[in-house]
2 protein chains.
Amino acid sequence: MVMTPAAERTVFVVDDDAAALDSLVMLLRSDGLNPSGFSSAGTFLEALTRDARGCVISDVRMPGMDGVQLLKTLKARQCILPVIVITGHADVTVAVQAMKAGAAEFIQKPFESELILRLVRACLEENDDAVDASARRNRVLSRIDSLTARERQVLNLIMDGASNKVIAATLAISPRTVEIYRANVMSKMRADSLSDLIRMTLSSGAA
Amino acid sequence: MVMTPAAERTVFVVDDDAAALDSLVMLLRSDGLNPSGFSSAGTFLEALTRDARGCVISDVRMPGMDGVQLLKTLKARQCILPVIVITGHADVTVAVQAMKAGAAEFIQKPFESELILRLVRACLEENDDAVDASARRNRVLSRIDSLTARERQVLNLIMDGASNKVIAATLAISPRTVEIYRANVMSKMRADSLSDLIRMTLSSGAA
DNA sequence: TCGGGCTTAGGGGATAGTACCTAGGTAGTG
DNA sequence: CACTACCTAGGTACTATCCCCTAAGCCCGA
């Protein structure tokens, strides 16, 4: 799957100050990036799709939902876009809250054009890695989802290190039947070895 | 191993301002905690042992090594003590740097006694969990360390999902010999199943 | 009602791993 | 020189897992 980075990766800019928003969008575009401006957190969240790639730049102080709330909302939605928070007021408390909420960067206005561009480029790279990791994770998760209830039970017992005999005793079924579920688990998970299966399952966080 | 929390867990306080240091130490002691004061990052780092438990409270602005440098030094030493950074100056840049360097909290002077005590208690709990995780990790790491060169190679190939036959071909030795190394690995790692072995090894970070 | 998916299970054979036995060569240490 | 640790490897037997065959009962939607 070939993709044009500029077309695929969007820099979502959220700022209620129209002038600041425009100038930032302009700056990003002039650097060959693909910015998309929003005047409020709400309109941005509505427009945001799950498969979005790129990063977010948000002002802190905005009517309605502020930048930190937006950040928390994004994290709650398991959004993996890095967020650069910008502020016009030197408020340490807000900065700390933003960083604890998972902001990638927190910078004060006015900032150098070069600085924001450098941070955006770093965030885009970070997001590329996160997208890869997330895709891997989702692939495994969807495979686990395709397992039947029994197969999932068997997977859990395999993860616990139980042998087929033990699994059979635990589930009160024949060892033969366990073998079948085990084979199904291996093929549905597309694991070609036990260590593969375990690594996949562990890394998906579904322990 | 029974331990008295107050005696085991130390709150390391680093501040070049003797009056502030004393009052903070006093406050912590009055709350039943076990504080230990240092007037510089250097003297603290010298006194710090690897098995220390508790947390750190450090001022930012200090002659010699400042709070953020101290924080980075601790992280570089893989120290798992949570660090609460306190500052007398509302400097957003420093706050962001501290948070990015892994500070647990960043608060401004003057602060409420109740606030710092609450944060310290949270950090102590956080450290308890981190100590447990670190102990588990070190136990596994020391077991890996007890493996011979060949046994380690076999472990790596097992982690890759290779069968004994494949391992034998890879190392150009007899499958029989691989079986022996494999058995040694299982017993030295004290794993009672393959999934045990894989989970242990993965969680130790020695992938 | 019929097909499909889920759960259940037996037989039999191939392949893989474990557990016991033995034992030779090499390299470093006291 | 003896002792220890490491790497090497064969035999044999047992257990575990995997892979092929078949096939029944259950429930649900078309």
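Within every chain, numbering begins at 1; the chains are lettered A, B, ... in the order of the sequence lines, protein sequences first and strands thereafter.
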N/O (side chain, B/N164) to phosphate O (OP1/OP2, C/dG17) under 4.0 Å: yes

Presence of salt bridge, A/R121 and A/D31, under 4.0 angstrom: yes

Phosphate-side-chain proximity, B/K165 and C/dA16, N/O vs OP1/OP2 below 4.0 Å: yes

Contact letters for nucleotides 3-8 of chain C, in which S counts primed atoms plus P, OP1 and OP2 and B counts the base, heavy atoms under 4.0 Å: ---SSB

Distance in angstrom units between B/R152 CZ and D/dC6 C1', rounded: 13 Å

Shortest non-hydrogen separation from A/S195 to B/D160 and the atoms involved: OG-C, 3.9 Å

Interatomic spacing from CG in A/L48 to OG1 in A/T43 - rounded to 0.5 Å: 11.0 Å

Salt bridge B/R53-B/D128, side-chain N to carboxylate O under 4.0 Å: yes

Between P of D/dC21 and CD of A/E179, the distance in whole Å: 16 Å

Nucleotide C/dA16, atom C1' - distance to CZ of B/R182 in whole Å: 9 Å

B/R176 (side chain) and D/dG11 (base): donor-acceptor pair under 3.5 Å: yes

Given A/E179, A/R182, A/R176, the one that forms side chain to side chain donor-acceptor pair (under 3.5 Å) with A/N164: A/R182

